[in-house]
**Student:** 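This structure is in structure tokens; I'll ask about it shortly.
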Protein chains: 2
Amino acid sequence: MDAKEVLEKILREYRRAWSIAYARSLLVWDLETYMPQEGARARGEALANLSTLYREKVMALERDVEGLKDEDLDDFGRGVKRVLGREIKYFSAVPPEIDEELNRTTSEAEVAWRKAKKEGKFSEFRPYLEKIVDLERKIAERLGYEGHPYNALLDLYEEGLTVNDVDSVFSYLLPELKHVLEKVRSEGRFPSKHELEGVEYKVEDMEKVNREVIGMLEMPMTRFRLDVSPHPFTIRISADDVRITTRYEGKDFRSTMFSVIHESGHAMYELMIDKSMEFTPLGQGVSSGIHESQSRFWENIIGRSREFVHLVYPILKRHLKFLTQDEEELYKYFNVVRPSLIRVDADELTYNFHIAVRYEIEKKLIAGEMSASDVPSMWYDLMDKYLGVRPSKDSEGALQDIHWSQGSFGYFPTYTIGNVVAGILYYHFPVKEKVRDGKLNDVKEYLREKVCKYGATYPPKELLRKSFREGYNPKYLVDYLREKYLA
Amino acid sequence: MDAKEVLEKILREYRRAWSIAYARSLLVWDLETYMPQEGARARGEALANLSTLYREKVMALERDVEGLKDEDLDDFGRGVKRVLGREIKYFSAVPPEIDEELNRTTSEAEVAWRKAKKEGKFSEFRPYLEKIVDLERKIAERLGYEGHPYNALLDLYEEGLTVNDVDSVFSYLLPELKHVLEKVRSEGRFPSKHELEGVEYKVEDMEKVNREVIGMLEMPMTRFRLDVSPHPFTIRISADDVRITTRYEGKDFRSTMFSVIHESGHAMYELMIDKSMEFTPLGQGVSSGIHESQSRFWENIIGRSREFVHLVYPILKRHLKFLTQDEEELYKYFNVVRPSLIRVDADELTYNFHIAVRYEIEKKLIAGEMSASDVPSMWYDLMDKYLGVRPSKDSEGALQDIHWSQGSFGYFPTYTIGNVVAGILYYHFPVKEKVRDGKLNDVKEYLREKVCKYGATYPPKELLRKSFREGYNPKYLVDYLREKYLA
């Protein structure tokens with residue numbers, strides 16, 4: 001068989017693995033949205049079995065995938081070889097027993113984390129964090145790495161990302177943003193708190209707003225859904241079935257609206273991947289960082305712009321009777337600047353400092369340079385250093401995020417990578433003019449051509465080079481923020 | 001390995017197959033409820049792949065299952081051997097190519113049927129029906145049978161059911177019911193049409209009614225859901241996750257309410273199967289007929305009784321402002337008796353005649369004693385003979401049901417089997433007293449002990465013998481109907 005035939009054989013057999021992954025996605029979506037509570041036990045059992053079957057089916061492709069040579073393939077073929085090769089590498093390096101141990105540990109850890117956070121007791125979570133860090137270090141060793149062991153974990157979420165990359169981003173980003181932040185705060189043009197934050201809304205009113213917002217974004221309703229879950233997320237079921245969720249907390253209405261815009265950004269990425277990649281390993285967003293670049297582009301650069309405020313204002317006026325403020329005031333409400341303790345509430349200027357805190361801690365934990373018990377005090381010190389605020393309790397410190405309990409080490413940095421890439425996207429396209437003219441479809445087409453349509457064909461760094469002749473250059477993000485907050 | 005060890009090995013390996021079947025169930029549920037329209041193509045692809053994987057995983061158990069000997073096993077073990085043996089027999093006899101051909105044909109046939117029904121043109125559906133009948137006959141030959149070839153197909157839905165059984169049921173049932181029907185119609189105590197049939201309701205009002213009805217039935221809401229779909233159905237996801245649907249047609253409010261009670265009956269069966277059978281081949285209702293006995297027991301024998309009318313009356317009064325009728329009038333509305341053309345609208349007295357029409361036609365088609373083109377005229381004649389009504393168009397005749405387009409030959413008779421078994425259940429328990437006293441949980445416990453808890457442990461005939469020392473004896477159904485309509 002020549003390379004083309006081998007590739008075809010691989011793709012034919014891959015459909016079995018694809019169908020298992022497809023089913024897993026729907027099981028996860030349903031778990032978070034409609035599953036009756038007591039269905040959880042069987043759901044866990046089914047997901048575990050399907051993971052094993054998926055591993056089996058991917059590993060069955062090993063010999064064929066390894067037999068492929070890059071020089072015999074086009075970009076598509078090389079992409080397939082690369083993406084499957086990465087999965088095979090992971091499964092070969094990390095045996096089922098370690099995966100299962102991690103699953104078991106994180107299941108227990110998530111429960112312990114919830115309790116610890118509620119009671120504000122880091123000590124209750126500490127033993128789980130220790131165990132998870134041990135497992136993550138073991139996985140890093142088995143995967144192998146050049147340079148820092150954390151590189152092995154970063155690569156799982158953002159292919160090719162290294163400690164050098166992230167250090168270099170932060171070493172430019174943090175001082176620059178600190179400067180902008182100080183200036184904004186001294187000038188007082190952006191409030192540090194807004195009266196609308198405390199105002200309660202009726203859920204059905206915000207449901208209507210969100211429906212109209214996804215209408216304005218022209219989300220394709222025959223290929224897309226919006227539902228409710230405890231934590232907002234996006235999930236691709238297939239090329240023509242991508243779903244997002246939001247939640248309704250009852251006050252501070254911007255929160256649910258921006259979660260819808262954010263998740264719609266993720267969804268558009270998946271919906272704009274070239275259809276020819278359906279049923280193949282390339283039919284998915286390429287990395288967490290590139291995915292975040294899309295969601296953050298829509299949420300922040302578009303969603304929090306003056307131009308977007310003008311578009312969304314009539315919708316909000318129509319459904320929120322309490323809204324007496326004018327557009328300018330709404331723009332301020334969407335762009336409150338306040339160094340605060342909680343990442344998910346952070347504004348565009350302070351957000352990346354929250355990531356830097358987590359990054360520094362993860363890097364040291366994985367290197368074995370600090371222990372789990374040092375995390376809370378390190379957290380306090382870093383928050384103080386970066387943002388000048390100091391948590392008084394761990395529920396507002398090291399216990400605030402779910403990620404570590406789930407074993408997601410290496411994930412946080414992709415949020416900043418997403419912001420950085422969104423900055424690059426902004427630089428290369430007249431976004432504001434398009435939003436001002438209500439031409440959101442032009443923005444979509446730009447994103448489709450530069451990023452989305454490729455799916456996972458090129459690794460993130462190659463994609464950026466190809467589309468923008470850039471790396472993870474944080475300059476554009478800083479320029480965008482400076483322009484927005486200091487102009 | 002001794003038999004116990006082999007059984008344990010089988011059950012351990014069966015979990016893979018179970019997880020695939022589990023995923024398939026959720027995919028089907030979602031397909032009918034929440035899936036965005038364009039998700040259909042990938043859904044079809046995933047379901048087909050998962051079917052192949054399921055077949056693989058079940059067939060991998062063949063040697064171990066065949067090695068088991070009944071005498072070394074208890075009832076549970078014999079049940080596992082029997083149920084898996086039936087699946088293995090099917091997969092061995094019917095190769096994937098025939099299954100795939102049937103799937104392809106029925107997919108096309110369903111589309112053609114919808115069009116043919118809409119346009120009232122049987123001729124457009126005829127070629128598909130011919131092809132499906134050919135395939136069904138081929139499958140019957142491959143499965144093998146004693147006596148009539150239709151027995152092979154009946155057995156797929158109701159294990160052990162034969163043409164002799166069904167003939168014997170109808171030969172008693174039809175003349176007896178004809179007699180009751182004539183008497184009821186001559187006495188005029190039950191109306192042949194009711195003014196409430198035409199009254200329109202607001203969907204949100206009937207949603208509230210249905211919520212309260214499932215509350216009254218004490219459906220366990222942490223293990224159960226009610227959603228909306230084009231056709232009402234019940235689906236078991238797992239032992240603790242069983243879901244039903246209904247539809248809201250906008251008038252004739254009893255229709256959605258009785259569909260909820262009917263599907264709740266199916267759901268209770270699945271929810272009351274002994275938990276020890278979870279993740280095994282016995283954790284499911286044993287047959288279509290026994291399943292229908294549960295749904296029809298709840299829908300007809302309980303739901304359309306005077307005693308139930310008394311329970312549900314306050315709920316209906318609370319939500320349906322147009323309801324000025326008293327309980328007696330409501331009882332009449334629930335029990336209109338009218339020989340009519342459409343099976344799904346039929347009352348308890350005429351329903352089984354509709355089944356007899358389909359049964360006679362299927363039996364002849366599978367025997368090769370008539371061709372697809374003879375179906376419409378045969379239908380007219382049988383309807384005339386049994387109920388004295390004659391369709392003027394095929395959309396009210398042979399095109400009314402979806403079953404044949406889906407290849408479900410042998411399914412219709414299980415509806416009558418369900419009625420017959422519901423009659424047996426009624427005879428052995430003081431249902432009316434319990435309903436009168438609002439003790440629906442006592443009814444559930446009775447059904448649990450006599451039927452539900454066993455899951456698929458015993459084949460239907462053995463279950464009836466064990467619990468009631470009976471076969472498919474139609475006497476009790478006739479007695480029940482005579483008592484209800486002529487007392």
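Every value quoted in this text rests on a predicted model; they were computed, and no experiment measured them. Every chain is numbered from 1, with letters handed out A, B, ... down the list of sequences.
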**Student:** With rounding to the nearest 0.5 angstrom, report the NE2 to CZ distance, B:H266 to B:F233.
**Tutor:** 12.0 Å
**Student:** Between A:F224 and chain B, which part of the residue has a heavy atom less than 4.5 Å away: side chain, backbone, both or neither?
**Tutor:** backbone
**Student:** Which answer fits A:L53, side chain, backbone, both or neither, if we ask what part of it has an atom under 4.5 Å from a heavy atom of chain B?
**Tutor:**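 Contact with chain B is through the side chain of A:L53 alone.
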**Student:** Set out, in order, the CA-CA distance, both residues' side-chain angles and the distance that settles side chain to side chain donor-acceptor pair (under 3.5 Å) for A:D99 and A:Y90, then state yes or no.
**Tutor:** CA-CA 10 Å; A:D99 250 6; A:Y90 182 89; 3.1 Å; yes
**Student:** Does any backbone or side-chain atom of A:E45 lie under 4.5 Å from a heavy atom of chain B? Answer side chain, backbone, both or neither.
**Tutor:**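 Both parts, heavy atoms under 4.5 Å.
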**Student:** Count the heavy atoms of every other residue, nucleotide or ligand shown that sit under 6.0 Å from CD of B:Q37, and state whether that count exceeds 12.
**Tutor:** no
**Student:** State which residues pass ring pair (Phe, Tyr, Trp, His ring centres under 6.0 Å) with A:Y34; sequence neighbours excluded, sorted by chain then number.
**Tutor:** A:W29, B:Y34
**Student:** Examine whether an atom of A:I237 lies under 4.5 Å from a heavy atom of chain B, and if so say whether it belongs to the side chain, the backbone or both; otherwise answer neither.
**Tutor:** side chain
**Student:** Going through the distances and angles, do A:T256 and A:R247 end up as a side chain to side chain donor-acceptor pair (under 3.5 Å)?
**Tutor:** CA-CA 6 Å; A:T256 182; A:R247 65 178 161 198; over 6 Å; no
**Student:** Any idea which of A:M221, A:R43, A:E278 has the most non-hydrogen atom pairs under 4.5 angstrom with chain B?
**Tutor:** A:R43
**Student:** Of the listed residues (B:L26, B:I20, B:D227), which shares the most heavy-atom pairs with chain A below a 4.5 Å separation?
**Tutor:** B:L26
**Student:** Looking at residues at least two apart in the chain, or sitting in another chain, which of them share a side chain to side chain donor-acceptor pair (under 3.5 Å) with A:K321?
**Tutor:** none
**Student:** Which one, B:L47, B:L27, B:D240, leads in non-hydrogen pairs under 4.5 Å with chain A?
**Tutor:** B:D240
**Student:** Taking side chain as everything from C-beta outward and backbone as N, CA, C, O, which of these in A:R243 sits under 4.5 Å from a heavy atom of chain B? Side chain, backbone, both or neither.
**Tutor:**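 Answer is side chain: those atoms of A:R243 sit under 4.5 Å from chain B.
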**Student:** Have a look at B:Y54 and tell me which of B:R16, B:R24, B:E87 forms a side chain to side chain donor-acceptor pair (under 3.5 Å) with it.
**Tutor:**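 Only one option passes, and that is B:E87.
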**Student:** Of the backbone (N, CA, C, O) and the side chain (C-beta and beyond), which part of A:T33 lies under 4.5 Å from a heavy atom of chain B, both, or neither?
**Tutor:**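 When you check distances to chain B, no heavy atom of A:T33 falls under 4.5 Å.
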**Student:** Among B:P220, B:A42, B:A40, B:A23, which has the most heavy-atom pairs under 4.5 Å with chain A?
**Tutor:** B:A42
